[in-house]
Each structure stands twice: as C-alpha cells, then as structure tokens.
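Written out below as structure tokens is the structure these notes cover.
Keep in mind that the numbers below use all heavy atoms, side chains included, and drop hydrogens, waters and symmetry copies. Letters A, B, ... are given to chains in the order of the sequence lines, protein chains preceding strands, and every chain is numbered from 1.
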Amino acid sequence: MDISGPRGTHDILPDEIKIWHKMEQVLRKTAEIYGYSEIRTPIFEYTELFERGVGGTTDIVQKEMYTFEDKAGRSLTLRPEGTASCARAFIQHRMYNQPQPTKMYYIGPMFRYDRPQSGRYRQFHQFGVEVFGTRSPAVDAEVITLMVDIVKRLGLRRYELHLNTVGCGNCRPHYRQTLTEFLRPLQADLCRDCQSRVDSNPLRVLDCKEKRCREILAGFPSILDSICEECREHFERVKSVLDLYGVQYILDERLVRGLDYYTNTAFELLVPGLGAQNAVGGGGRYDNLVAQVGGPDTVGIGFAMGMERLLLALEENQVELVDGEGVEVYVAFNSPELEPLANIALNELRSADIKAERDYGDRSLRAQMKQANRSQAVVTVLIGENEAKSGTYSLRDMDTGEQFEIEQNALIAEIKKILMK
RNA sequence: GUGGGCGUAGCUCAGCCGGCUAGAGCACCAGAUUGUGGCUCUGGGGGCCGUGGGUUCAAGUCCCAUCGCCCACCCCA
C-alpha cells in the first residue's frame, strides 16, 4: 500500500495540532495588539494577478506556480504568497476610500511548485501583515518591530534581523548601473550563475552563497552611495525609530529580496541552525504594487513569516510552546452492567466543562486504569458494584494515589476540589 | 530544473562477501495482580523488506527503472 499525500505536502496530525493552535494564537494576538485586523482572501486568484503583482521575471511566476484552467477556460493560480491578494482586495473593495492607513494580517496556506527540502514545502503556511496608504518610516519600523516581537513572544532568543534599502524606482537603476560597472570586469571569475546574473539581475549577485563570489565582491559599491536623498532620508528615519524601539538589526547591504515589487526598506529575519532555508520571515516596502495591479497609486509595506520554519526554529532551540495537557477526569467502570452509571457521570462532567473520557473497549478495570494514566488524567472516577450499591463513586487522585468515596450527587464539587490543586 | 544520500513492524533501526520459518528496542494488546495506573516480569498481535522489472538454483541483500523521503544547489517563508 503506497497511498500518500502529494509531494511536498504534509499532514498536521492531532498530536501536533496544539502547537499550531498556540502559535496561531500568538500571531493573531500580537498583530491585533499592533492594530491589525485579519483578512481572508481566496486561496486561488486569476493568474494575471500574480504575474503582474509578484512580477513576471521572478522565479515564483516563472516556474513555481500551481496554475490551472477552470471549466470556463480561465487561468487560475493557487496563491504563492499573500501580498498580491491583499492588494487586490484593497482595490476591489475601495478600501482606499476609508481613513488610511489600512492595516491587515492574514494566515493560511500558500503553494509553490518547488523541490521540497528542509523548511521548504509545496503547500506551506504563512502569516503576514500588510499596511496600505502611508509612507511613514514609522510604519516600516512598526511592521519590523511586530515581526521581531512575534518571535520573541514565541520564545525564540537566537535570531538576526537583517535590514537594507533597495531604493526606489528612480534611484535603483542608478545603483544597478554602478554595480554592473563594478561587476563587469570581474564577471569571468564569478560562478556560472552569477555570470549570467550580472546581465539579468546584478543585485542578486550580492547574495550569492558561493565563497569565491563573496570574496571577489569584497569591495562592492554600497547602495547607500547611489540612492536618492529621499530614499536615504527614509532609511535613516526607519533606523532611528527602530533604535528608539530598541530593536536590534544588522545592516546587510547584500540583502536583496526576490520579488519585483519591493522598494526602499527590505528586511529578513534569520534563525541560525535552520539549514539552508534559514529565513523565517521577510518583507519590505512595495510602493508601486497597488498601481501595478491596477489600483490607484498607493504605497504599502508588509512581511510574511513561514509557519513551518517558525516551528523548525522553535524545535531547533528547544522552545516548548505547549505542555501536554491530557484529560482531566477518566471514568472507569468494572463491568458492562455499570456502563449506564458511567455514562451518567461522564455526561455530568462534560456538562460542567470538565474534560472527561472513558473506555469503549470493554476492557478490564486494570486496563482502564492504564489508559487513565496514559491520558494524563488528574482524577479517575471508579465505578464498581460496591459504589453502585451504595450510591457513591470512588475518586482516585492519580498524582498521589489517594482514593476515597463520595456521594454521587457531590461528583462535580469533589472533582473541582481536586482539579483546583 | 540539477546533484548526493536513503526507503525493512506504528516509531527508531539491525540484517556481514546473496543462502533455512526476516530480527531488536520502544509502542500496542493480554496476563502475573479474579475491583485499580505509573515499576518489573511473561506471553501475544503486527512486515507483498516502497513499487515494477531483471540477474541467479536462490534476492531484504546485486542491477535497472519508477515513486517517495532527506540534504544541498536554485529560490524563498
């Protein structure tokens, strides 16, 4: 039997779901504290949205999209990221007519046809935030701070925030030009990929992982010398707010992001020890995106975090998000004739919001006790012939092993006493 | 899309140069304890040895293909 899920997908099993719930709770809570509201968009969109939003030259659009035709022959695509959909919704619902900025967050599955590896899946989950309608550098800082705050609240201690600016539509071409002139004479010595990148996308040469390339590039021209006064000023102000918030960052002039829509501020959150896919979150400003997909000229900024990668990071750093909580009460009964009595107790407990369980296998009392122990029950209610006769239950404190009889009508009160401890 | 490693019980893995009914630990079930857990002991269930083909008297073991997983490149969350 080799039935299995599609390549690059994975099930989140009942045993692991608690940690997801907990993580989602932290993500939502933190975003709400910063004034963001959730938005839920469809998981598929017209293909064109991503082609125009994410950018036709990106790897995502060129080779990683799950694209299909619906029965009317329209081209649809499973969303590879969340920002384009948010921009679409922002435009479609004329949110720009509301007081600005618009601050929202999303959480859900994304799809990319990539080769799976550690921290990389074909269906994965992202949490992200977007702010439309303000170019204030303070918002850049807010968004970055939110991202850092999340990993802190999740309990991560080891992480690096990398920060850079990639300039705007006016000044980036200048830098590209300067960089290309710098690279041209070195081109022959670079790795094969970089040799072609010099022509196709010189900025990407900067974050090549090849040791040789990095050495050759040692004295590469700083983007800060090429960008316009406005962009430089913006970047300075972002940094000063981050300083004020006490958010530590590493200036990383090699940081360039892979999506076409980014402008100005770019940032990434790295966690050491995660292997090759060590970026847990990343984002930046996208001042042209809304116009790019057909809306009014509106600036924006946001980030996305990979939830599977967050989980890997927590695991790697031995952060325990949840402690295994089992049932509170286990109801054990000694013979089939006593089952109705057990059901009554069970029902009473559940009605009182007490998490209670029983056995359905007609198993021996001993086996039921083992099961109670395994399910981490705090108390076991024992029902045998003696109890039935005298109208009582025996309660066993599973921690201390103490056991005593109570009147049946005192069940909830007595259980609560033990649970309180 | 490219390269490397690996697929044997629910899990982690052993199985040497091919040779008897395929093993261990953990987990599961039952009993020792005929009304009682966590420790211990005893017994038990469970494997088309990923799949398909080939070589051979004989394949878990060798060869090819295929699928899947892992790691890396690439890219990104």
Report summary line: Its contact letters, B for base, S for sugar-phosphate only and - for none at protein heavy atoms under 4.0 Å, make nucleotides 28-38 of chain B read SSSBBB-BBBB
Query raised in the report: Looking only at side-chain N and O atoms, does A:Ser118 come under 4.0 Å of OP1 or OP2 in B:rC70?
Result: no
Query raised in the report: Under 4.0 Å: is that the gap between some side-chain N or O of A:Gln117 and OP1 or OP2 of B:rA72?
Result: yes
I need the [atom1]-[atom2] distance between [X] and [N], as an integer number of Å.
X        : N      : atom1 : atom2 : answer
A:Tyr121 : B:rC70 : OH    : C1'   : 11 Å
A:Met110 : B:rA77 : CE    : P     : 11 Å
A:Arg7   : B:rC69 : CZ    : C1'   : 8 Å
A:His125 : B:rC76 : NE2   : C1'   : 17 Å
A:Leu203 : B:rC75 : CG    : C1'   : 16 Å
A:Leu255 : B:rC76 : CG    : P     : 11 Å
A:Gln62  : B:rC76 : CD    : P     : 11 Å
A:Arg120 : B:rC69 : CZ    : C1'   : 15 Å

Requested in this report: Quick one: label A:Ala304 by what it contacts on the DNA or RNA (base, sugar-phosphate, nothing), any heavy atom closer than 4.0 Å.
Outcome: sugar-phosphate
Report task. Name the nucleic acid region contacted by A:Gly8, choosing base, sugar-phosphate or nothing; use a 4.0 angstrom heavy-atom cut-off, strictly under. Result -> sugar-phosphate
Query raised in the report: Which word best sums up how the rings of A:Phe68 and A:Phe44 line up, parallel for under 30°, tilted for 30 to 60°, or perpendicular for over 60°?
Result: perpendicular
Query raised in the report: Between A:Tyr66 and A:Phe111, what is the ring plane arrangement, given parallel below 30°, perpendicular above 60°, and tilted in between?
Result: perpendicular
For [N], the Watson-Crick or wobble partner whose two distances fall under 3.5 Å:
N      : answer
B:rC20 : none
B:rC69 : B:rG5
B:rC62 : B:rG54
B:rG10 : B:rC26
B:rA32 : B:rU40
B:rG46 : none

Between [N] and [M], how many Å separate the two [atom1] atoms, rounded to a whole number?
N      : M      : atom1 : value
B:rC16 : B:rG60 : P     : 12 Å
B:rC26 : B:rU42 : P     : 11 Å
B:rA32 : B:rG15 : P     : 39 Å
B:rC29 : B:rG68 : C1'   : 32 Å
B:rC13 : B:rG7  : P     : 10 Å
B:rC39 : B:rG45 : C1'   : 24 Å
B:rA24 : B:rG46 : P     : 14 Å
B:rG50 : B:rU61 : C1'   : 16 Å

**Report entry** Pair A:Asn334, A:Glu385: side-chain N/O donor-acceptor within cut-off below 3.5 Å
**Finding:** yes
**Report entry** A:Glu407 versus A:Thr392, side-chain donor and acceptor atoms under 3.5 Å
**Finding:** no
Query raised in the report: For the side chain of A:Glu268 and the base of B:rC76, is some donor closer than 3.5 Å to an acceptor across the two?
Result: no
Requested in this report: Answer with yes or no whether A:Arg309 presents, from its side chain, a donor or acceptor under 3.5 Å of a partner atom in the base of B:rC76.
Outcome: yes
Quick one: does [X]'s side chain have a donor or acceptor within less than 3.5 Å of a partner on [Y]'s backbone?
X        : Y        : value
A:Glu357 : A:Val331 : no
A:Arg363 : A:Gln368 : no
A:Arg122 : A:Tyr113 : no
A:Arg285 : A:Asn264 : no
A:Thr77  : A:Arg79  : no

Query - Centroid-centroid distance, A:Tyr105 to A:Tyr36, less than 6.0 Å - result: no
Report task. Verify the ring-centre separation between A:Tyr249 and A:His162: is it less than 6.0 angstrom? Result -> no
Requested in this report: Would you mind telling me which residue lines up with the more 5' stretch of RNA chain B, A:Gly275 or A:Val280, judged by nearest nucleotide?
Outcome: A:Gly275
Report summary line: Comparing A:Gln277 with A:Pro116, nearest RNA chain B nucleotide closer to 5' gives the residue A:Pro116
Would you list the protein and nucleotides 2-4 of chain B atom pairs, both N or O, that sit under 3.5 Å from each other?
residue: B:rU2; atom: O4; partner: A:Arg115; partner atom: NH1; Å: 2.5
residue: B:rG3; atom: O6; partner: A:Arg115; partner atom: NH2; Å: 3.4

Report task. Specify the closest pair of heavy atoms between A:Arg52 and A:Val293, including all atoms of both residues, with the distance to one decimal. Result -> NH2-C, 3.1 Å
